[in-house]
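These notes are about the structure you will find just below.
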Amino acid sequence: MGKASGLPFPFSRSTSFLKPRPGAFFYLLMHFVDEIRLHAKAGDGGRGCVAFLREKYRPHGGPSGGDGGEGGSVIFRADPQLTTLIDLSAQKHLRADKGENGRGKDQHGKNGEDLVIRVPLGTIVRDIETGELLSDLNVRYAEVIVAKGGRGGKGNAFFTSSTNRAPRFAQPGTPGEERRLLLELRLLADVGLVGFPNAGKSTLISVVSAAKPRIADFPFTTLTPHLGVVRYSDERSFVMADVPGLIEGAHEGQGLGIRFLKHLSRTSMLVHLLDISDLTRDPWHDYEIINNELACFEDGLEQRAQLVVVTKIDLPMTLERLPEVQAQFAERGVPLLAISAVTREGVPAVMHEIVRTLDQQRAHTASLIVSPPAESAQWA
Ligand SMILES: Nc1nc2c(ncn2[C@@H]2O[C@H](COP(=O)(O)OP(=O)(O)OP(=O)(O)O)[C@@H](O)[C@H]2O)c(=O)[nH]1
Ligand SMILES: [Mg+2]
């Protein structure tokens, strides 16, 4: 566990942040979810009833068995408020209500209620057995029946005819559909991390999500982009993308170049990480270099909502220099946040600011869907 190995090994597996903190949210350590398997069972239709009306003064009341109720269906609704499949992982079995059986006196059984499940916009639903694509939920609030409720059986009153005035049979209800489903989410990367190599991008994503990119104190440790789902609160999560570091001239192919920036061009916002611990470097100049590379990749990308965050404030030289750097940036109208991924200081505040910015962005921009890394949490 020398210096080169980066953070001490148990750090990335620490569960200490599972504990709620006073006045703050807490993170959950979890597997990256971009696909999920569910079992859906729609409600069976209710049985039709065999009954005859026998009432005082009505000696020939006749057949009066009512029909069974319809079974409830399992329905998915595309909800733009959700961005990950995490919330669905708690409910592996989705079961809609059965229809009630029909009753005497021509009473129709009550229909079973549909079970409506909210899924993120962009969720693709497949039948695991047949591989059939059931739906691509890419329209806001669109609904699709993934398991249809059974039909209610007819009661004996229905079968009464001139040739059979007293039928002694009724239909059973049909069973509700049952399906094993595979849900895949075309990941929506809400937040992109940018910065020089070694700025601490991978360390941050490994602290706030279950993504485990390699971390080391040499440049270009991260060679391919990684995604992590950050659970901000019970109702709110977002996807963060860690891409390989940029250096001056990246747009001309220096370092790993800018080819990975395509994954950031569809994010709603960027988090720009700045390591100010090297006294030989001018942080403002570094900041401008990265923004220039963003601009060279795509006109306007440098204008995207951006939080600028100083990393490694547990290091004495960073801490010492921070006020001066903050003043330097403030003069130019750029507020700075500061974190230590090691002590977690400032991390909740940054997550809070991300959610606030995403909410603002969401008000004006439509959700954009990026092509799915279906098999893994990595984008090559
Ligand atoms: N002291 C301290 N070290 C940190 C912190 N965050 C990251 N580091 C260290 O900084 C080095 C680089 O961290 P990474 O997370 O790999 O940096 P990166 O930005 O992903 O780098 P590339 O993948 O090369 O672009 C590692 O040795 C980390 O352990 C921090 O908050 N405090
Ligand atoms: Mg990295």
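All of these numbers come straight from a predicted model, not from anything done at the bench. Whatever order the structure lists them in is the order used to number ligands and atoms, beginning at 1.
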Need the ligand 1 atom indices (1-based, order shown) with element for anything under 4.0 Å from a heavy-atom of Ala199. 17 (O), 19 (O)

Where's the contact between Asp314 and ligand 1, heavy-atom distance under 4.0 Å: side chain, backbone, both or neither? side chain

Side chain, backbone, both or neither: which applies to Pro213 and ligand 1 if a contact is any heavy-atom pair less than 4.0 Å apart? neither

Please answer whether the main-chain N or O of Arg151 pairs with a side-chain N or O of Thr174 as donor and acceptor at a distance below 3.5 Å. yes

Which of the ligand 1 atoms, numbered from 1, are nearer than 4.0 Å to a heavy atom of Phe220: 24 (O)

Test: Lys312 and Asp275 ion pair at under 4.0 Å: yes

Hey, mind stepping through Lys201 and Asp242 against salt bridge (Lys or Arg N to Asp or Glu O under 4.0 Å) and telling me if it holds? CA-CA 6 Å; Lys201 300 177 294 297; Asp242 169 25; 5.4 Å; no

Does the plane of the ring in His272 sit parallel, tilted or perpendicular to the ring in Tyr287? Use 30° and 60° as the thresholds. parallel

For Val243, is at least one N or O under 3.5 Å away from an N or O on ligand 1? no

May I ask you to list the atoms of ligand 1 that are less than 4.0 angstrom from any heavy atom of Gly245? 25 (O)

What's the verdict on ring pair (Phe, Tyr, Trp, His ring centres under 6.0 Å) for Phe169 and Phe159, showing C-alpha distance, side-chain angles and the deciding distance? CA-CA 8 Å; Phe169 56 87; Phe159 297 104; 5.1 Å; yes

Nearby protein N/O/S atoms (those under 2.8 Å) for the Mg ion (ligand 2), with water ignored: Ser202 OG, Thr222 OG1

Per-atom filter on ligand 1: closer than 4.0 angstrom to a heavy atom of Thr203 are 6 (N), 7 (C), 13 (O), 14 (P), 15 (O), 28 (C)

Does the N or O separation between Arg214 and ligand 1 drop below 3.5 Å for any pair? no

Basic-acidic side-chain contact under 4.0 Å: Arg126, Glu132: no

State the atoms of ligand 1, each with its element, that fall below the 4.0 Å cut-off from a heavy-atom position in Phe218. 24 (O)

Going by the atom numbers of ligand 1, which of them fall below 4.0 Å from some non-hydrogen atom of Ala341? 30 (C), 31 (O)

Tell me the nearest of Ser340, Pro197, Ala216 to atom 11 (C) of ligand 1, using heavy-atom distances. Ala216

Which of the atoms in ligand 1, numbered in the order shown and given with their element, are less than 4.0 Å from a heavy-atom of Pro219? 24 (O)

Donor-acceptor contact present, side-chain Glu293 to main-chain Gly249, <3.5 Å: yes

Part of Leu315 within contact of ligand 1 (heavy atoms, under 4.0 Å): side chain

Nearest 0.5 angstrom please: Leu294 CG to Glu302 CD, how far? 7.0 Å

Once ring pair (Phe, Tyr, Trp, His ring centres under 6.0 Å) is applied, what residue pairs with a partner in residues 86-139 remain, sequence neighbours excluded? His39-His93

Hey, is the main chain of Pro120 close enough, under 3.5 Å, to the side chain of Asp79 for a donor-acceptor pair? no

Carboxylate-amine/guanidinium contact Arg179 Glu177, below 4.0 Å: yes

Is there at least one pair of N or O atoms, one from Ile313 and one from ligand 1, spaced under 3.5 Å apart? no

From Leu256, Thr343, Ile215 - option closest to atom 28 (C) of ligand 1 by heavy atom: Ile215

Counting distance only, does the side-chain N/O of Asn111 pair as donor-acceptor with the main-chain N or O of Glu70 below 3.5 Å? yes

Measuring from Leu246:CG to Ile289:CD1, what's the distance to the nearest 0.5 Å? 10.5 Å

Looking at Arg77, I want to see if its CZ is surrounded by more than 12 non-hydrogen atoms of other residues, nucleotides or ligands under 6.0 Å. no

Heteroatom distance test (Lys201, ligand 1): nitrogen or oxygen, under 3.5 angstrom: yes

